[in-house]
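So the structure is just underneath, and the comments pick up after that.
Because the structure is a prediction, the values reported are computed rather than measured. Note that the numbering runs from 1 along the sequence shown for the chain.
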Amino acid sequence: MLSHPLSAEAELQLIGPQHAEPLFGLIDQNRAHLRQWLAWVDDIQSVDDERQFVQRSADRLASNGAFHCAIMHRGVLAGTIGLHDIDHANRKAEIGYFLAVEYQGKGLMTLACRAVTEHLFSDLKLHRAIIFCGTENRRSRAIPERLGFKLEGIHRDAEWIRDHFVDLACYAKLATHA
C-alpha cells in the first residue's frame with residue numbers, strides 16, 4: 001500500500017522522508033487541539049523529531065508489517081493514520097489517527113479508516129481491528145461508530161496526557177463481521 005486513492009480529492013501515501021517537514025508543520029499548527037487527546041504531541045518539537053518518527057515507521061514496517069500513512073487532501077497533508085505493532089500471533093492490530101482541524105468534517109478520516117480496516121482484513125488477513133479513543137473525544141469516537149466497530153468497554157484512567165489520566169473507549173471490529 002504505497003499509495004491508495006480514497007476519493008477524487010484524497011489518498012493515503014505510505015509515510016516517507018518527504019512527509020517529515022510537512023508533518024511537523026501540521027502538528028505544530030494544530031498543537032493546541034491535538035495535545036488535548038494525544039500524549040505524544042509534546043514530544044514533537046522539531047522536523048528532526050518527525051524524521052525519527054518516519055525512520056521508526058519504516059523500521060516497524062520492515063520488522064512487523066505495521067505502517068503509517070499520510071492522509072493527503074488535494075495534494076496537501078491533512079493527517080495520518082497507522083497501526084501500532086501488528087500482533088501476528090493473535091491476528092490483530094490497533095489503528096491510530098489524527099486529522100488537522102481544518103480538514104475535519106469532510107469525511108476524510110472515515111474514508112481512511114475504512115481503507116485501512118479493509119486492508120487489515122483482506123490483504124493482511126488479520127481478524128481483529130481495534131481503535132482506542134478518549135471518551136470525551138466525540139469526533140474521534142464517531143469514526144469507529146460510523147464504520148460498524150463495536151464499543152467493547154471503557155478503560156478507566158488508561159492514558160496519561162500531560163497532567164491527568166483519561167478514560168479510553170475501546171472499539172473493535174472482527175473480519176467475520178466486516
Side-chain angles (χ1 to χ4, degrees), residues 1-34 36-38 40-41 44 47 50 53-54 56-58 60-61 64-86 92-134 137-151 169-178:
M1 185 199 273
L2 293 176
S3 178
H4 179 82
L6 298 174
S7 71
E9 297 183 326
E11 71 174 330
L12 294 179
Q13 294 176 357
L14 191 62
I15 288 278
Q18 73 277 17
H19 296 108
E21 194 167 325
L23 187 52
F24 174 72
L26 190 69
I27 291 167
D28 206 38
Q29 291 167 359
N30 287 268
R31 191 171 298 278
H33 170 72
L34 295 174
Q36 297 175 76
W37 312 113
L38 301 169
W40 54 262
V41 171
I44 306 301
V47 174
E50 279 309 314
F53 165 74
V54 168
R56 286 191 309 273
S57 296
R60 190 175 304 123
L61 177 64
N64 179 266
F67 58 88
H68 276 84
C69 291
I71 301 169
M72 305 299 291
H73 183 258
R74 297 180 182 166
V76 177
L77 184 65
T80 67
I81 188 166
L83 303 180
H84 300 288
D85 290 337
I86 298 172
K92 65 182 180 178
E94 182 184 329
I95 301 169
Y97 48 78
F98 85 88
L99 199 60
V101 173
E102 68 187 278
Y103 294 100
Q104 293 179 1
K106 300 178 184 301
L108 290 172
M109 193 55 74
T110 300
L111 290 171
C113 196
R114 178 179 291 123
V116 168
T117 302
E118 288 172 359
H119 178 68
L120 292 179
F121 294 152
S122 63
D123 299 327
L124 299 181
K125 305 299 185 206
L126 298 182
H127 178 68
R128 181 176 165 83
I130 305 157
I131 297 174
F132 286 98
C133 305
N137 191 342
R138 290 304 312 154
R139 292 195 95 141
S140 185
R141 290 184 69 177
I143 305 301
E145 291 170 0
R146 195 175 295 122
L147 294 174
F149 281 66
K150 301 296 181 208
L151 177 63
C170 176
Y171 291 90
K173 189 170 192 174
L174 305 178
T176 53
H177 297 101

> Does some side-chain heavy atom of Cys113 sit less than 4.5 Å from a side-chain heavy atom of Ile131?
Replying inline: yes

> Considering all heavy atoms of both residues, which atom of Leu12 and which atom of Ala115 are nearest to each other, and what is their separation?
Replying inline: CD1-CB, 4.2 Å

> Which heavy atom in Pro5 sits nearest to a heavy atom in Glu11, and how many Å separate them?
Replying inline: CA-CB, 4.0 Å

> How close do Ala129 and Leu120 get, heavy atom to heavy atom, and via which atoms?
Replying inline: CB-CD1, 3.9 Å

>> Which residues pass the side-chain contact (heavy atoms from CB on, under 4.5 Å) test with His127, not counting sequence neighbours?
In response: Arg91, Leu174, Ala175, Thr176

> Can you check side-chain contact (heavy atoms from CB on, under 4.5 Å) on Leu124 and Phe67, steps first, answer last?
Replying inline: CA-CA 12 Å; Leu124 299 181; Phe67 58 88; 4.3 Å; yes

> Is there side-chain contact between Ile71 and Leu77, with heavy atoms separated by less than 4.5 Å?
Replying inline: no

In a table with atom names and distances, give each donor-acceptor pair under 3.5 Å that connects a side chain of residues 14-26 to protein atoms at least two apart or in another chain.
| unit_1 | atom_1 | unit_2 | atom_2 | d |
| --- | --- | --- | --- | --- |
| His19 | ND1 | Gly16 | N | 3.0 |
| His19 | NE2 | Gln13 | OE1 | 2.8 |

>> I'd like to know whether the aromatic ring centres of His84 and Phe132 sit less than 6.0 Å apart in this structure.
In response: no

> Taking C-beta and beyond as the side chain, do Phe149 and Thr117 meet within less than 4.5 Å on heavy atoms?
Replying inline: yes

> How about Ile130 and Ile95: do any of their side-chain heavy atoms sit closer than 4.5 Å?
Replying inline: no

> Which heavy atom of Asp85 sits nearest a heavy atom of Arg60, and at what distance?
Replying inline: OD1-CD, 2.8 Å

> Between atom CH2 of Trp37 and atom CZ of Arg139, what is the distance when rounded to the nearest 0.5 Å?
Replying inline: 11.5 Å

>> So, using salt bridge (charged side-chain N to carboxylate O under 4.0 Å, His left out) as the criterion, who are the partners of Arg141 when residues are at least two apart?
In response: none

> What do the steps show when you test Leu83 against Val116 for side-chain contact (heavy atoms from CB on, under 4.5 Å), and what is the final call?
Replying inline: CA-CA 9 Å; Leu83 303 180; Val116 168; 4.1 Å; yes

> Side chains of Tyr97 and Cys133: closer than 4.5 Å at any heavy-atom pair?
Replying inline: yes

> Hey, what do you get for NZ (Lys173) to NZ (Lys150), rounding to the nearest 0.5 Å?
Replying inline: 8.5 Å

>> Within this structure, what is the CD-OG1 distance for the pair Glu145 and Thr110, rounded to the nearest 0.5 Å?
In response: 11.0 Å

>> For a quick test of reading the model, state the closest non-hydrogen atom pair linking Leu126 to Phe121 and the distance between them.
In response: O-CD2, 3.3 Å

>> With salt bridge (charged side-chain N to carboxylate O under 4.0 Å, His left out) as the rule and sequence neighbours excluded, what pairs involving residues 67-76 come up?
In response: Glu9-Arg74

> Between atom CD of Gln29 and atom CG of Leu34, what is the distance when rounded to the nearest 0.5 Å?
Replying inline: 11.0 Å

> Where do Ala78 and His73 come nearest, in terms of heavy atoms and distance?
Replying inline: CB-CB, 4.3 Å

> By side-chain contact (heavy atoms from CB on, under 4.5 Å), which residues pair with Leu111, not counting sequence neighbours?
Replying inline: Leu6, Ser7, Arg114

I'd like a table of donor-acceptor pairs (distance under 3.5 Å, sequence neighbours excluded) in which one partner is a side-chain atom from residues 99-109, with atom names and distances.
| unit_1 | atom_1 | unit_2 | atom_2 | d |
| --- | --- | --- | --- | --- |
| Gln104 | NE2 | His33 | NE2 | 3.3 |
| Gln104 | NE2 | Leu99 | O | 3.2 |

